[in-house]
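Structure record follows, encoded as structure tokens.
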Amino acid sequence: MSSEPPRQRLPFEPATNRKKTPKKPPEPQANNAALESDSADKQPKANKTGKQAQSIPEAVSKRMISRIAVFCGIPTLLGISTFFVSYLVVSNGLFDLPNTAVLLVSMGCFGLGVLGLSYGVLSASWDEEVSGSTLGWEEFNTNFGRMREAWRAAKPKN
């Protein structure tokens, strides 16, 4: 219970945790034949609007993808390049490299790539109009805080 004002909900953020409703059995087609022509045009529009309301806006998804490419792509490329560099070092006889050193360096780079994947998504500004900072540390703190709030709200209350 903090004194912070309630934050505004994002357009694609669900308002509440909804429980799944049981699926209704399909109605016979003979009864729906007359209604099908009238409702066929209306139903996709309603579904499309509902899906668009909960989908991530295109500007935000492009921002996330570009950050993922940087924060995940660079460490992954470094992890792959360690194999080529270590091969050139060992084959040219510059010095002996232990296999475990190559393994640990490449695993470290691939691990940074995995962390960069999550950081790329969380460091992007989730507001369509605001592009955010270059490194995105403030956005990361905001978005991670939102995730923590959602986790706490989703926990079953005993």
If you group Ile, Leu, Val, Met, Phe, Trp and Tyr by side-chain heavy-atom gaps below 4.5 Å, do [X] and [Y] land in one group?
X	Y	value
F83	V89	yes
V130	V121	no
W137	F144	yes

Under 3.5 Å, side chain of [X] to main-chain N/O of [Y], donor-acceptor pair present?
X	Y	answer
R152	M147	no
E139	W126	no
R63	E128	yes

CZ on F140 to OG on S118, rounded to 0.5 Å: 8.5 Å

Give, for atom CD of E138 and atom CG of N143, the distance between the pair rounded to the nearest 0.5 Å. 11.5 Å

Taking all non-hydrogen atoms of both residues into account, name the closest pair between I68 and L117 and its distance.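 What the structure gives for the nearest pair is CG2-CD1, 3.5 Å.
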
Validation: residues 92-114 side-chain donor-acceptor distances under 3.5 Å, sequence neighbours left out:
from: N92; atom 1: ND2; to: L88; atom 2: O; distance (Å): 3.3
from: S106; atom 1: OG; to: V102; atom 2: O; distance (Å): 3.0
from: S106; atom 1: OG; to: L103; atom 2: O; distance (Å): 2.9

Residues in ring pair (Phe, Tyr, Trp, His ring centres under 6.0 Å) contact with F71, at least two apart in sequence or another chain: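 Here the qualifying residues are Y119.
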
